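Taking it in order: structure first as structure tokens, then the write-up.
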Amino acid sequence: MQLLFFGSLTDIAGKADFDLSKIENTDQLKVTLFRHYPELANHSFLIAVNKKVQNGNVELKNEDVVALMPPFSGG
């Protein structure tokens, strides 16, 4: 699985992307991220899997591309 960070989340992680293996779903991903990057817990973000924003817990596969994005608004 490839994990991408966007916007201010990139600054927290210190890099734009990295690979994670053996993460089964988005809930487990958040727990893992909050353990490695506690500051993420203080920020709102959306999770997109394969370019589709997800709500709730979603199963992840090794070939998925997961993006963490700060909230955005259109205008």
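Not measured: the values here are computed from a predicted model. Hydrogens, waters and symmetry mates are skipped; everything else that's a heavy atom, side chains included, is used. By convention here, the first residue in the shown sequence is residue 1.
- Remark: K61 NZ to N50 CG distance equals 8.0 Å, nearest 0.5 Å.
- F34 is connected to F5 through a chain of hydrophobic side-chain contacts under 4.5 Å among Ile, Leu, Val, Met, Phe, Trp and Tyr, so both are in one cluster.
- Between the CD atom in Q2 and the CG atom in N62 there is a gap of 12.5 Å [rounded to 0.5 Å].
- V66 and V31 fall into different hydrophobic clusters, defined by Ile, Leu, Val, Met, Phe, Trp and Tyr side-chain heavy atoms under 4.5 Å apart, directly or through other members.
- In terms of modelled atom types and a separation under 3.5 Å, the side chain of Q54 and the main chain of K52 share a donor-acceptor contact.
- Taking both residues in full, the closest heavy atoms of Q28 and K22 are given as NE2-O, 3.7 Å, listed atom of the first, atom of the second, then distance.
- Remark: S8 OG to E39 CD distance equals 9.0 Å, nearest 0.5 Å.
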- Message: Determine whether H43 and L9 satisfy the following criterion, side-chain contact (heavy atoms from CB on, under 4.5 Å), listing intermediate values before the conclusion.
- Response: CA-CA 8 Å; H43 292 269; L9 303 177; 4.2 Å; yes

- Stepwise, does the side-chain contact (heavy atoms from CB on, under 4.5 Å) test hold for I47 with K30? CA-CA 10 Å; I47 297 177; K30 286 191 265 186; 4.0 Å; yes

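- For N25 (side chain) and N57 (main-chain N/O), no donor-acceptor pair under 3.5 Å exists by modelled atom type.
- The CG atom of L29 lies 6.5 Å from the CG atom of L68; values are rounded to the nearest 0.5 Å.
- Following chains of ILVMFWY side-chain contacts shorter than 4.5 Å, one cannot reach V58 starting from V65, and the two form parts of different hydrophobic clusters.
- In this structure, the separation between CD1 on I23 and CE on M1 is 5.5 Å, given to the nearest 0.5 Å.
- Scanning both residues, P70 and G7, for their nearest heavy atoms gives CG-CA, 4.2 Å.
- A chain of hydrophobic side-chain contacts below 4.5 Å, direct or via other Ile, Leu, Val, Met, Phe, Trp or Tyr residues, connects L3 to L40.
- The minimum heavy-atom distance linking P71 with S44 is given by the pair CD-O, 3.2 Å.
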